[in-house]
Amino acid sequence: MTRFAPSPSGHLHVGGARTALFCWAFAKGKGGTFVLRIEDTDQKRSSDAASIGFVKDLLWLGIDWDEGPIYEGCGGGDRGPYFQAQRLDIYRKYFDALLASGKAYYAFETTEELTALRDAAKAQNQPFRYTGDAARALSADKVAEFLKAGRPAVIRFHTPPNPITIRDEILGEAIIPAGETDDFVICKADGFPTYHFAVVVDDELMGVTHVLRAQEHFNNTAKHIVLQDALGFRRPVYGHLPLIFNPDGSKMSKRDKDKVLRKAIAERGITSPPPHTVDPALFAVWIKDKNVQLEIASATALASALGVVLPEINVDDFRRSGYLPEVICNFLSLNGWSPGGDLEKFDTEFLKSHFDLQRVVKTPAKFDRSKLLAFNLHALQVMPREEFVKKVAIHGRTFHPDFMARVTETQFRSLCDASQERSKTLDDLFRTNGFITIADDLLEWDAKAVKKVLQGTSPNGRDHLTAISKILAQCDDWSVQGLESAMKPYLETAAGGNLGTIAQPLRVALCGGTVSPPIFDTLAILGKASSIKRIDRCVAAHE
RNA sequence: GGGCCCAUCGUCUAGCCUGGUCCAGGACACCUCCCUUUCAAGGAGGACACAUGGGUUCGAAUCCCAUUGGGCUCACCA
């Protein structure tokens, strides 16, 4: 039995996804149970249904849970509720037990007092440890009196003065010296348990046998162990997964998007937001305070106005960018685990049956998007054509409805035929074929391209276009093959068989620039009327 | 700063536990060339790593120690 226990969030980031994937694979591969539990013990974070929007990302990746919040056929189970905020009465029982046995005590220091102590310790480069002598010296009557008077109080655990040995299936054994773990808070002033306490109680009560989580939690394990001992709980097996970083070694963060935007804005010396992107007042606040984050929608709008690409951080970002869920899972697995040998392409079924803790790597991984892209390209290339068409269509309807509305079914199909082998993502087709959705008489031509391929000494590109227009007008078989044979005679006589000579002028006339699918595909996609109209208009515009 | 952890190509990693078959294998990226109808894709080559210093041993990427470097953590956040 493993569990994935995130705090509520609308989005699942790749690190969390990897943790969830490993927990899931480990449990499923061993015939165990995978539990999803929401760690919403921080009242500052909202924990309504919308706040666990990340569950849709989990399901998109193919990660389903046996027990947990009920959603689309997943979840349920009789060891709930699976939201910690709904388990307060359960925790209360254990607080009382600890209090009664003297293993925990009330403390009344204010946040300000603690901060002052912490700052003082830091000023002397000393670690701060809460000793609790003063609080424990309080008589029972005094404590009762304070509580009655409504003084804010937390409950702290009295950590025994012994070294703590952490056994970890991935990292091995570590001994945390005595005194390193101080008397930490287990119940906040608002009555909510802290993370450490809730985790320990819930893992016990939910029957969690294996805890796989990110390495940043490693030190916390000491706290969890002393609590388990005090409460008489069994100890689950621990495995701490290596962290995933950005290529530059920085921590992958939601703020990375804002960082990119701020940088672009600073570079261009922009002082007010481009129209229809961000509210000017919000923009002013955002640009001043690096801790303020823009909403996804505003950030996306601003990015496209600035022409910058936001880094993908969340699973949903990768979906939007056109990555396949199975590729994400495959690639994520490779960050921190490998099946050994030279094998690196595998599906989740394989992961499920082969994942083991012994092969988890100890070192942090930098997330390499270009390798991910290469994996995605490969998956797209080996995909049957029908499947590709279907997936691109779904992606299009979800993320590019305008584009989909403007192309006919035939056009779309041709576009897929021409694009599959060159698509790195499901999104490529939409980003590189904008010329299709522009009205024939609104197409603009790239000045540089015009100069390069249309103008010059005769016969230049424009001359070719004039001739080609007439030939195409006679062409009845408007298929790739038909077009090719229709153009063949002209190609031989006027261009010496060098297709580039006429393909490039055609590209500019049809698409406005020098990049498009293969030229006969492009003609076929646009259709006869549109193609000829564009060619003639281009010829006329460049006298 | 204290504590803990980690250390193989630019990156993800195999090999390490059970020293020799490793002058270190794969993948991505990179470079060169080929193909070519633009962009891609594809094909063929190439360059690139055992952090350093000591041990142990006939022999070390593999075992031990030190140094250096990196990470995590030190909340009434999780």
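Protein chains get the first letters and strands the later ones, always in sequence-line order, with residue 1 at the start of each. These figures come from a predicted structure and were not determined experimentally.
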Nearest to the side chain of [X], heavy atoms from C-beta on, is which of [options]?
X        : options                : result
A/Lys251 : B/rG71, B/rA29, B/rU73 : B/rU73
A/Val515 : B/rA40, B/rG1, B/rU38  : B/rU38
A/Phe245 : B/rG71, B/rA75, B/rA29 : B/rG71
A/Thr514 : B/rU38, B/rA75, B/rA40 : B/rU38
A/Ser7   : B/rC72, B/rG2, B/rA78  : B/rA78

For this session: Would you please classify the geometry between the A/His464 ring and the A/Tyr490 ring as parallel, tilted or perpendicular, with 30° and 60° separating the classes?
Result: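 Because their plane-to-plane angle is over 60°, the rings of A/Tyr490 and A/His464 count as perpendicular.
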For this session: Please state whether the rings of A/Phe54 and A/Phe4 are parallel, tilted or perpendicular, taking 30° and 60° as the class boundaries.
Result: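 A/Phe54 vs A/Phe4 ring planes: perpendicular.
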Could you state the atom-to-atom distance from [atom1] of [X] to [atom2] of [N] in whole Å?
X        : N      : atom1 : atom2 : result
A/Glu113 : B/rC76 : CD    : P     : 13 Å
A/Tyr130 : B/rC74 : OH    : C1'   : 16 Å
A/Phe184 : B/rA78 : CZ    : P     : 13 Å
A/His378 : B/rC28 : NE2   : P     : 9 Å
A/Phe346 : B/rG26 : CZ    : P     : 19 Å
A/Asp202 : B/rA78 : CG    : P     : 13 Å

Between [X] and [Y], is any side-chain donor less than 3.5 angstrom from a side-chain acceptor?
X        : Y        : value
A/Asn314 : A/Asp57  : no
A/Tyr105 : A/Asp183 : yes
A/Tyr238 : A/His217 : no

Heavy atoms only, 4.0 Å cut-off, all strands: where does [X] land among base, sugar-phosphate and nothing?
X        : result
A/Thr41  : sugar-phosphate
A/Leu373 : nothing
A/Glu216 : sugar-phosphate
A/Val185 : sugar-phosphate
A/His240 : nothing
A/Asp190 : nothing
A/Lys424 : sugar-phosphate
A/Arg156 : sugar-phosphate

How far, in whole Å, is [M] from [N] if one measures between their [atom1] atoms?
N      : M      : atom1 : value
B/rC22 : B/rU13 : C1'   : 16 Å
B/rU8  : B/rC4  : C1'   : 24 Å
B/rA78 : B/rA41 : C1'   : 45 Å
B/rU52 : B/rA14 : C1'   : 24 Å

Seminar exercise, completed: Protein heavy-atom contacts under 4.0 Å, written 5' to 3' over nucleotides 3-22 of chain B as B (base), S (sugar-phosphate only) or - (none), form the string BSSSS---SBSSS-------
Can you pull every protein N or O that's under 3.5 Å from an N or O on nucleotides 42-51 of chain B?
none

Exercise. Partner of B/rC30 by Watson-Crick or G-U wobble geometry, both contacts under 3.5 Å, or none?
Worked result: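 Across any shown strand, B/rC30 pairs with B/rG46.
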For this session: Take A/Pro518 and A/Leu114, find for each the nucleotide of RNA chain B with the closest heavy atom, and name the residue whose nucleotide sits nearer the 5' end.
Result: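 The residue mapped nearer the 5' terminus is A/Pro518.
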Problem set entry | Short N-O contact, A/Arg3 and A/Asp203, less than 4.0 angstrom |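 Looking at A/Asp203 together with A/Arg3, the answer is yes, because their closest N to O distance falls below 4.0 Å.
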Exercise. Within the structure, does a side-chain N or O atom of A/Arg118 lie under 4.0 Å from either OP1 or OP2 of B/rC76?
Worked result: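 Checking A/Arg118 against B/rC76: at least one side-chain N or O falls below 4.0 Å of OP1 or OP2.
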Exercise. Is any side-chain nitrogen or oxygen of A/Lys188 closer than 4.0 Å to OP1 or OP2 of B/rA78?
Worked result: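 Yes, A/Lys188 has a side-chain N/O under 4.0 Å of OP1/OP2 on B/rA78.
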